[in-house]
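Just below is one structure, and these are the notes that go with it.
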Number of protein chains: 2
Amino acid sequence: MTITIKDLARVAGVSYSTVSKALNDSPLVKPETKNKILKVAEEMGYEPNFAAQRLVSKESKVIGLIWPTLERLAPSSLVSNINEEITKSSYSMILSVNSIQSSIEMFKRFQVDGVILFSEGESESTETLSLPSVTYGVGKNKSYPVIDVNYQAAMEDAVNYLHQLGHRKIAFVGNLTTTDERQIEKSIGFQKAMTKLEIFEDGCLIDTEGFGWYDGYMATIRLINSPYQPTAIISASYDISAGLVRALRQENFNVPKDVSVLSYDNIPQMANMEIPLTSVGVPVEEIAQAMVQTLTKFIKYPQSVPLVQSLKPVITERSSCAPAEKNLISE
Amino acid sequence: MTITIKDLARVAGVSYSTVSKALNDSPLVKPETKNKILKVAEEMGYEPNFAAQRLVSKESKVIGLIWPTLERLAPSSLVSNINEEITKSSYSMILSVNSIQSSIEMFKRFQVDGVILFSEGESESTETLSLPSVTYGVGKNKSYPVIDVNYQAAMEDAVNYLHQLGHRKIAFVGNLTTTDERQIEKSIGFQKAMTKLEIFEDGCLIDTEGFGWYDGYMATIRLINSPYQPTAIISASYDISAGLVRALRQENFNVPKDVSVLSYDNIPQMANMEIPLTSVGVPVEEIAQAMVQTLTKFIKYPQSVPLVQSLKPVITERSSCAPAEKNLISE
DNA sequence: CGTAAAAATAACAACGTTGTTATTACAATT
DNA sequence: AATTGTAATAACAACGTTGTTATTTTTACG
């Protein structure tokens, strides 16, 4: 009951192969007939049959995104951005929330042109994916391109930034007990920078033991009751910061007067928090753009794309950090 | 370079039509040849070409889920459950985060068998969707099946439950200034029940003006500082409850000793909160199951499915509600 | 005008399946 | 042994496109 190019051919009075060419804007068909056919197609509400197209040609103009763990805000913000970027590149995006394995299987059936891997940490296997892919995070041990967001550098920048503001007692609140390499990199970066500046002390690392805002809240309460009294705190993620800020408020610490706070995850939502948080990290828009540009290039010219591409983290100043002189926590 | 049924036919020494039948487990082919073919297919790693299958037959065994707003936890919990349920029914699920309009367009190209609409509130148009669809929420003004989760009844149950525990001063914390019919229904249900019991008072409705946990937090602070001092609070969603509990804790209210709390959204995650929350609503698993069963039935027999299907909310008791006698907020 | 070259269109063979129809092989019946 | 019936397999026409090749129509030029 649906309309095919043969139907168009019949009413336009040409052969169906001419219709095909006209619709694909081939130079082999006379402009006037092309227009006539286009008009007919429009009038009849023609829609090309995707399966038939797929059967003869290789490109599907669809990119699959694998996201097994629907969870926190920062990732979902990145997904939205990627979706926009993909649309801009005249691709479509479909999302699978299944395991990598079965997602790939399905995507192969759909003949997607490429895959964006969004596996949140844990045991991301090193195996090859048999479909053009990109992921982001830490650039090592992968057989496909990775957008490296340089967690270590981000954390070092954060520490140095606070150090320049005069802070000497800086705490890190993040997930320390995890196998997620992204989290590990963050704390390593922090430690390196602190050690270099010779201000690393016992007790400056606080383990949230999780990713949720409540984990951040609890960790902060523990920090406040600990002997280590920082003048500035670096948080490992948006969600943790949410709990962190809540805990500080509750315990009557003014941000940034009493404590400065600097959060990882450079997403616009940071501005909407209780206190607009100064944050560090590669801006999501930039990560999204790098990921889809890399992927589309990789799809066309697999050789032209480097396996690891490092992005530079930046600090976006808002209003949660202040110079240190006036804000010694214990006075 | 990929393997087709013709390749299998060649090495199995039969015609390709026989291979097709064998692979589809047709009774028209002798068991032994069938086995032989199956073995060859296995050995050669044959994978059917989806596009070709789509081209000849109508079923795709794929269901599309439209979810334009990646956001809060309760919905994502439902999405996960739906995905499981779909897999169980031997379908696959793909997700689009685009507008309804363009999602439908894409799904049509993929020839999905059905669509699950997950449009979070606002201006959900009444138009027909041109593809078998289901949604959930409030069952009216829709031209396709709706799983009605009966927000009003849920809220009435909640009020009555607390009333039976002896509570007379009950507050509702939820989003009052919205066009989302789901939210509206919740507050209507609450008001109805309160009025019926003749315990409705001015000030028992607190507007969060939003959906996030922080909105819940702020609203609760306002409530605590208001003249209306409830012995029990009903929250409109998981995220709001998160902020609610936080605020209570901060202001040194013990739950449930000082105040009872009952939350909408019957999801397992309620048990993982600071205080395991007693909650009301149709359990997500049940919603998920109803949605995909309704959809799959609708795909096969469009006439056999009622436009509105009401699910019964239940109260899942955890540890956030206690009898009222001992817990007058102002003593 | 006639003819060659160029431009426009038509015809047709893929692509990898499924379902229908045609053919073959083999058994059962007389 | 000829006839009929049935089980098994083969052949083939779709499905709706795209790209290649063949044919027709138009244009250009001597």
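Chain A is the first sequence line, chain B the second, and so forth, proteins listed ahead of strands; every chain is numbered from 1.
A donor N or O paired with an acceptor N or O is found under 3.5 Å between the base of dA11(D) and the side-chain atoms of Ser17(B). The base of dT20(C) is paired with the side chain of Lys21(B) by a donor and an acceptor separated by under 3.5 Å.
In this structure, Arg10(A) places its CZ atom 17 Å from C1' of dA10(C), rounding to the nearest Å. In this structure, Phe110(B) atom CZ and dG16(D) atom C1' are separated by 17 Å, rounded to whole Å. One interatomic measurement links the two molecules: OH of Tyr16(B) to P of dA8(D), which rounds to 22 Å at whole-angstrom precision. Straight-line distance from the CG atom of Leu55(A) to the P atom of dA14(C): 13 Å, rounded to whole Å. Taking atom CG on Asn49(A) and atom P on dC15(C), their separation rounds to 18 Å, with Å as the unit. As a whole-Å value, the separation of Leu28(A) CG from dT20(D) P is 10 Å. In this structure, NZ of Lys30(B) is placed 10 Å from P of dA27(C), rounded to the nearest angstrom. Between Phe50(A) atom CZ and dT17(D) atom C1' the separation is 13 Å, expressed in whole Å.
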Donor-acceptor pairs are to be reported for all side-chain atoms of residues 36-45 of chain A against protein atoms at under 3.5 Å, with residues two or more places apart or in another chain.
none

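Arg10(B) forms no cation-pi arrangement with Tyr16(B), by the criterion of a distance under 6.0 Å to the ring centre and an angle within 45° of the ring axis. The cationic group of Arg109(B) does not satisfy the cation-pi geometry with Phe107(B), failing either the under 6.0 Å distance to the six-membered ring centre or the 45° limit from the ring axis.
Taking only side-chain nitrogens and oxygens, Gln53(B) never comes nearer than 4.0 Å to OP1 or OP2 of dG16(C). Distances shorter than 4.0 Å separate none of the side-chain N or O atoms of Ser15(A) from OP1 or OP2 on dA11(C).
Not less than 6.0 angstrom separates the ring centroid of Tyr144(B) from the ring centroid of Phe298(B).
Salt bridge status for Glu105(A) with Lys108(A): absent, with no side-chain N to carboxylate O gap under 4.0 Å.
Counting non-hydrogen atoms under 4.0 angstrom, Thr4(B) reaches the backbone sugars and phosphates but no base. Residue-level contact check: Tyr46(A) touches the backbone only, with heavy atoms under 4.0 Å from sugar-phosphate atoms and none from bases. Nucleic acid contact class of Glu47(A) (heavy atoms, under 4.0 Å, all strands): sugar-phosphate only.
Considering only side-chain atoms of Thr33(A), the nucleotide from dT9(D), dT18(C), dT9(C) that sits closest is dT9(C).
Checking Val56(B) against Pro31(B), the closest nucleotide of DNA chain D that is more toward the 5' end is the one next to Pro31(B).
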